[in-house]
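These notes are about the structure you will find just below.
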Amino acid sequence: MRFSRVLIPTVKETPSETQVISHTLMIRSGLIRQLSAGIYTWLPIGLRVLRKVENIVREEMDAAGAQEVLMPAVQPSELWRESGRWDFYGKELLRITDRHNRAFCFGPTHEEVIADLVRREVRSYKELPANFYQIQTKFRDEIRPRFGVMRGREFLMKDAYSFNLDQESLDESYQSMFDAYVKIFERCGLRFRPVEADTGTIGGAASHEFHVLAESGEDTIVSCSDCSYAANLEKAVSGAAQGGESLDASTIPEMARTETPGQKSIDDVVAYLKIPVEKTIKTLVAVDGEGEWTLLLLRGDHELNEAKARVLLGDGFRIPTPEEVAEKVGPVGSLGPVGSELTVLADEMLEKSNGFVCGANEEGWHLTNVCWDRDLPRPRFVDVRNVTVGEPCAHCGSGTLAMDRGIEVGHVFKLGDKYSRAMNVTVLGPDGRETVPEMGCYGIGVSRVVAAAIEQNHDDNGIVWPLAIAPFSVEILLLNPKDANASGIAETLYSDLNSRGIETILDDRDERMGVKFKDADLLGAPLRVLVGGRSLKEGVLELQTRKGGKAERVPPQEIVAELEQRLAALR
RNA sequence: CGGGGUGUAGCGCAGCCUGGUAGCGCAUCGGCUUUGGGAGCCGAGGGUCGGAGGUUCGAAUCCUCUCGCCCCGACCA
């Protein structure tokens, strides 16, 4: 590719609208341009990278035995009504009406469409297991798109759906997708980690997410220092509540009312009463899926995990506003479980301790030395909090938990028969009876992978692409295209590399050298060859690796072999 | 959807408070010089001041409405 013949609109300044480095660099290096909030055009160089990722995904999906299809982006509302998601999916589903006033949506995912296909076309268990995938543009009307293509509304996704006769077969498909994902992200040259995940609103049994490790990641992932345990914070458990002795109420003085004027937050109360924060109970109010009001108790220094709360209280679960709480329950800032008529759920970390401080349900008053059984009925103890750094691992017992930030680039689910049953998918089993297949679904955010790769592979001057997804393996910098000798050498090298299948961009623009260097740094091709200037006067070219290598002098007749050797080393 | 910010030349911004007919840097075009890390000088072109309405002799500036974009909270590849 010739630089002069391609639209590569690099920009010098940092754009004001970008928050993360990948977004900044994708704009600056001319990979993408925004059309509307969360909607981007991929320019020629950006598209090359996107295609690289896409092809790696395709190769590994094919190798894992999945079959590629391409489903419609626009889907009729009828299918979504069948699965029950037309009403359930909410505003994120972009709804469209056609000229006949029929309702459609722009597909955010394709469970319904694939289920419809399979129920029509697959009759026998002999055709299972089957795994269909596509690489396609999705649209989710995100509440707040941000970070460029990292969280766009329109994005490129690989989604796959497996159909299996039984649980065991689903387990196999799931594992084979899991393994394929590991290969895909390894091939992309990314540092990543698979973690146990919350199944969220999609539902289903087991689920893992694949996270690219990066400071700017929107998710927090928890992992054990000793064993292989790793999970999304939404799902992560710790061993902190296990073991230890229960604290007996008989050693604790009587419960007492204490005046705490104006002390509303846990911090306030801890400072005012001069007590350890571990002795406080935070009382939260939640409304469960049925509309029932519930008290959630947490140790003062712990945070509510809303994903866990959702599992416990049902999908319609919500946290009411302070105004609602004040009206229906009591004084916000002085709430407590003692004497409450609401159902009480307490975090398991409170189970073995005793003698707490909690709100007295009276403005400006707290209770001290509150004990289970003695002062209030022992509630149901559950895990509803976020684990914290340094807690013991629940799985191996020896390690401690650490936290990292991650960008979710892949997600695998065991869906079970939720959709296949709702959509009436059946095949005839070996026993001649109709059977509802088990489904799995497996997604990769292809466009997000590009952004995640940049988050992990850049320096102050621009992108430093891993070879596998670089738009070009080699960039030839022709310093002065008007110099016939230099130009001839560069052109020869360019065609030699092309004929060997080495993807090359030739910067043949009539630009100053500084401009070419800066643009080459931004674009981030792994190898760079300089043709012209001082070195060519001495009859040599300069070879440089993007990743901080010093320039080496190589004679023109040796450059191709040298480049091939370097590329082999980068693979 | 709540809360906040912003919209002026292709890009980044000043001007707005205190109304008087639009400016700076970069980019673009032409010329000369320069040529190992985003050149220098000279000259030129380019703006419905997001849109609509209003106040006023006069509006980028004040008022009302509206739209886009960005940021902070719930969703997700």
Side-chain angles (χ1 to χ4, degrees), chain A residues 9-19 23 27-28 33-39 53 57 88-93 108-110 135-160 181 184-185 197-202 207 209-212 217-219 232 234 306-307 309-310 315 317-319 321 406-413 441-452 461-462 477 479-483 509-522 528 530-537 542 544 551:
Chain A
T10 58
V11 313
K12 265 196 277 198
E13 295 93 6
T14 300
S16 59
E17 77 267 23
T18 62
Q19 260 61 50
H23 190 193
I27 301 289
R28 289 197 54 207
R33 283 295 184 266
Q34 177 170 309
L35 179 63
S36 182
I39 301 179
V53 176
V57 170
F88 194 72
Y89 213 91
K91 292 192 175 170
E92 206 171 304
L93 187 63
T109 177
H110 283 69
I135 297 174
Q136 208 232 27
T137 298
K138 299 275 196 279
F139 194 97
R140 293 183 189 171
D141 200 355
E142 293 279 344
I143 298 157
R144 191 151 82 83
R146 58 186 136 176
F147 304 151
V149 298
M150 199 117 98
R151 180 184 289 276
R153 293 195 291 174
E154 190 178 293
F155 57 99
L156 191 67
M157 179 173 170
K158 185 284 301 178
D159 48 328
Y181 276 32
I184 288 166
F185 297 125
D198 181 50
T199 48
T201 48
I202 297 180
S207 171
E209 291 167 347
F210 287 75
H211 283 267
V212 166
E218 292 187 85
D219 286 279
N232 192 305
E234 291 181 339
E306 295 198 19
R310 181 165 288 110
D315 274 331
F317 144 84
R318 69 188 182 89
I319 300 290
T321 63
I407 301 165
E408 186 189 358
V409 290
H411 204 156
V412 293
F413 271 102
C441 78
Y442 318 93
I444 290 181
V446 177
S447 41
R448 185 181 280 181
V449 167
V450 175
N461 297 315
L477 289 191
L479 285 194
N480 182 5
K482 289 174 187 155
D483 174 342
R509 293 174 301 169
D510 185 15
E511 283 287 353
R512 300 176 67 81
M513 232 186 22
V515 173
K516 295 194 179 195
F517 279 126
K518 291 290 184 191
D519 281 349
D521 286 345
L522 270 175
R528 180 186 305 174
L530 189 70
V531 181
R534 292 194 300 247
S535 49
L536 192 62
K537 286 202 184 88
E542 290 172 53
Q544 205 173 359

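Small disclaimer: the values here were computed from a predicted structure and weren't measured. All values below come from the heavy atoms of this structure, side chains included, with hydrogens, waters and symmetry mates left out. Just so we're on the same page: letters track the sequence lines, and every chain starts at 1.
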Exercise. Does Glu209(A) or Thr18(A) map to a spot on RNA chain B nearer the 5' end, using the closest nucleotide for each?
Worked result: Thr18(A)

Problem set entry | Nearest-nucleotide comparison on RNA chain B, the residue closer to the 5′ end among Lys91(A) and Lys518(A) | Lys91(A)

Need one value for [X]: base, sugar-phosphate or nothing, where a base atom within 4.0 Å counts as base even if backbone is also close, heavy atoms only.
| X | result |
| --- | --- |
| Gly514(A) | sugar-phosphate |
| Gly533(A) | base |
| Gly152(A) | base |
| Asn232(A) | nothing |
| Asp519(A) | base |
| Ile407(A) | nothing |
| Gln34(A) | sugar-phosphate |
| Glu542(A) | base |
| Leu522(A) | base |

Phosphate oxygens OP1/OP2 of [N]: is one of them under 4.0 Å from a side-chain N or O of [X]?
| X | N | value |
| --- | --- | --- |
| Arg144(A) | G73(B) | yes |
| Arg512(A) | U35(B) | no |
| Gln19(A) | C71(B) | yes |
| Arg310(A) | C75(B) | yes |
| Ser36(A) | C69(B) | yes |

Would you kindly give the [atom1]-to-[atom2] distance between [X] and [N], to the nearest whole Å?
| X | N | atom1 | atom2 | result |
| --- | --- | --- | --- | --- |
| Glu92(A) | C76(B) | CD | C1' | 6 Å |
| Tyr89(A) | A74(B) | OH | C1' | 15 Å |
| Met150(A) | C71(B) | CE | C1' | 16 Å |
| Arg28(A) | A27(B) | CZ | P | 14 Å |
| Met513(A) | G40(B) | CE | C1' | 16 Å |
| Glu154(A) | A77(B) | CD | C1' | 14 Å |
| Arg146(A) | A74(B) | CZ | C1' | 10 Å |
| His23(A) | C69(B) | NE2 | C1' | 12 Å |

For this session: Could you tell me whether the side chain of Ser535(A) has a donor or acceptor atom within less than 3.5 Å of a complementary atom in the base of G36(B)?
Result: yes

Which of these nucleotides, [options], is closest to any side-chain atom of [X]?
| X | options | value |
| --- | --- | --- |
| Lys12(A) | A27(B), G37(B), A74(B) | A27(B) |
| Ile143(A) | C11(B), G38(B), G73(B) | G73(B) |
| Val515(A) | G38(B), C75(B), G73(B) | G38(B) |

For this session: Provide the distance between the two C1' atoms, one in C13(B) and one in C57(B), to the nearest whole Å.
Result: 33 Å

Exercise. When the P atoms of G73(B) and U66(B) are considered, how many whole Å apart are they?
Worked result: 27 Å

Problem set entry | Residues that Arg448(A) engages under salt bridge (Lys or Arg N to Asp or Glu O under 4.0 Å), provided they are two or more places apart | none

Problem set entry | Ring-on-base stacking A77(B) with Phe155(A) (under 5.5 Å, under 30°) | yes

